[in-house]
Amino acid sequence: MTRILVLQHHPEEGLGSLHNILAAEGHQTDVHRLDLGVSVPDDLDLADYGALIIMGGPMSVHDTDRYPWLLTEQRIIRRAVVEELPVLGHCLGGQLIAQAMGGEVSPNPDGPEIGWWPVTKTPEAMGSTWFTELPDTFTLFHWHGETFSLPSAAVPLLSSDLCAQQAFAIGKHCLALQGHPEVTPTTVQAWTESMADDLQRTGAGVQSRQTIHDHLERRCEALLASAAAIYRPWLEQLR
């Protein structure tokens, strides 16, 4: 069993389907709700944990005046990656990993990417141990307006027509994702209600609420299978 530190930034952006995947393998999660004021100290002893997971959120990595814990979070992430603790980031979490390790986070050149969009494995992914069970192109759920550049040590793994950088790895222990393989039907329904204003944004990458909800159960069932394959190489690194 591995004790995993989870950093959560929004009430509706929790582990989702990843919770059951971790529980099935006997792992224990210690969720810190940063959005509720649960602080994580700079000197957090990472030796108490076997892995770190960073979830998404509606804020930007640059909103440090409003959310000063974003800076603390990045310092913890950097320590964890350098110490080769298994680290996994989703959307904002992936962007925090990128910035903590020397990349940059900026508005996506092609605008927001919200809804069900395909991603394609990079040539680097094809020759790696990442995502070997997945087809060359598969569908992920997305909800972001910013994107990351690659840190110097990163290997790009996924891209899409709307966003060039969809995932990267640092070694075998760190995986940063721009998309959301963890969402469930409940998650998607909650987001389209609580973040409905995002669906009014213009751009080719913004799907309507109806389009997002079409065949939702079937889409999430397929996504769960993809999520298991995405997470599996990372889960093999847990100690």
Side-chain angles (χ1 to χ4, degrees), residues 1-61 63 67-101 140-141 143-144 148 167-170 172-184 186-188 190-191 194 223-224 226-228 230-239:
M1 180 193 78
T2 299
R3 186 184 180 203
I4 302 172
L5 174 62
V6 180
L7 302 179
Q8 183 173 336
H9 313 98
H10 187 269
E12 291 162 356
E13 298 204 35
L15 286 168
S17 65
L18 182 53
H19 173 83
N20 289 341
I21 293 172
L22 295 171
E25 296 199 6
H27 301 305
Q28 174 191 344
T29 54
D30 183 1
V31 180
H32 282 239
R33 291 289 304 276
L34 298 171
D35 57 308
L36 297 181
V38 178
S39 62
V40 180
D42 251 323
D43 60 353
L44 178 76
D45 190 353
L46 293 174
D48 291 338
Y49 298 96
L52 169 63
I53 297 175
I54 312 105
M55 303 310 301
M59 63 286 295
S60 166
V61 299
D63 291 341
Y67 307 106
W69 37 260
L70 288 166
L71 294 172
T72 304
E73 208 173 350
Q74 290 177 58
R75 289 190 289 268
I76 291 171
I77 289 168
R78 179 167 179 78
R79 280 202 293 127
V81 175
V82 169
E83 294 176 20
E84 298 192 353
L85 192 75
V87 177
L88 171 64
H90 302 78
C91 201
L92 172 66
Q95 294 168 1
L96 284 164
I97 293 173
Q99 182 151 299
M101 301 309 296
L140 278 180
F141 189 73
W143 201 297
H144 68 101
F148 45 64
F168 68 81
I170 298 175
K172 293 184 177 181
H173 64 288
C174 177
L175 176 62
L177 303 168
Q178 186 60 81
H180 287 280
E182 83 284 4
V183 298
T184 66
T186 300
T187 310
V188 174
W191 291 7
S194 66
L223 182 63
L224 178 59
S226 296
I230 288 170
Y231 295 135
R232 191 165 292 117
W234 182 81
L235 289 169
E236 291 173 353
Q237 306 305 311
L238 299 193
R239 54 198 187 203

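A quick note: this is a predicted structure, and the numbers were derived from the prediction, not measured. All residue numbers refer to positions in the sequence shown, counting from 1.
Taking CD1 of Ile54 as the reference point, atom CD of Glu73 lies at 6.5 Å (rounded to 0.5 Å). Rounding to the nearest 0.5 Å gives a distance of 8.0 Å between CZ of Arg232 and CD of Glu25. Separation of atoms CG (Leu223) and OG1 (Thr184) is listed at 9.5 Å; rounding is to 0.5 Å. Atom CG of residue Asp42 and atom OG1 of residue Thr72 lie 4.5 Å apart, to the nearest 0.5 angstrom. Rounded to the nearest 0.5 Å, atoms CD (Glu84) and NE2 (His173) are 5.0 Å apart. Between the CG atom of Leu177 and the CG atom of Leu140 there is a distance of 8.0 Å, given to the nearest 0.5 Å.
Inter-residue side-chain proximity for Leu44 and Leu5 is flagged as met; some heavy-atom pair is nearer than 4.5 Å. Side-chain contact between Leu92 and His144 is absent, with no heavy atoms from C-beta onward closer than 4.5 Å. His32 places none of its side-chain heavy atoms less than 4.5 Å from the side chain of Gln8. Counting only heavy atoms from C-beta outward, the side chains of Leu235 and Leu22 approach each other to under 4.5 Å. When side chains are defined from C-beta on, Tyr67 does not count as touching Leu34, because their heavy atoms never get closer than 4.5 Å. The closest side-chain heavy-atom distance from Phe148 to Ile97 is not below 4.5 Å. The shortest side-chain heavy-atom distance between Leu46 and Leu52 does not fall under the 4.5 Å cut-off. The side-chain heavy atoms of Cys91 and Trp143, taken from C-beta on, include no pair separated by under 4.5 Å.
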- [ ] Apply side-chain contact (heavy atoms from CB on, under 4.5 Å) to the pair Leu175 and Ile230, showing each step before the final yes or no.
- [x] CA-CA 10 Å; Leu175 176 62; Ile230 288 170; 4.2 Å; yes
Task: Verdict with supporting geometry, Thr29 and Ile53, side-chain contact (heavy atoms from CB on, under 4.5 Å) - done: CA-CA 9 Å; Thr29 54; Ile53 297 175; 5.7 Å; no
- [ ] Could you please spell out the steps behind the side-chain contact (heavy atoms from CB on, under 4.5 Å) verdict for Ile4 and Leu238?
- [x] CA-CA 9 Å; Ile4 302 172; Leu238 299 193; 4.0 Å; yes
TODO: Please test Thr187 against Glu182 for side-chain contact (heavy atoms from CB on, under 4.5 Å), starting from the C-alpha separation and ending with a verdict.
DONE: CA-CA 9 Å; Thr187 310; Glu182 83 284 4; 5.9 Å; no
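Residues meeting the ring-ring contact (aromatic ring centres under 6.0 Å, His included) test with His9, sequence neighbours left out: Trp69. Take His180 and apply the ring-ring contact (aromatic ring centres under 6.0 Å, His included) test, not counting sequence neighbours, and it matches Trp191.
Across all their heavy atoms, Pro181 and Ala227 have their closest contact at O-CB, 3.3 Å. Residues Cys174 and Val81 come closest through the heavy atom pair SG-CG2, 4.0 Å. Nearest heavy atom pair, residue Gly50 against residue Pro86, reads O-CD, 3.3 Å. Nearest heavy-atom pair, Gln74 versus Ala100, reported as atom, atom and distance to 0.1 Å: O-CB, 3.4 Å. Of all non-hydrogen atoms in Leu70 and Val61, the two that sit nearest each other are CD1-O, 4.0 Å. Closest of all the heavy-atom pairs between Tyr49 and Asp45 is CD1-O, 4.0 Å.
Separation of the His90 and Phe141 ring centroids does not fall under the 6.0 Å cut-off.
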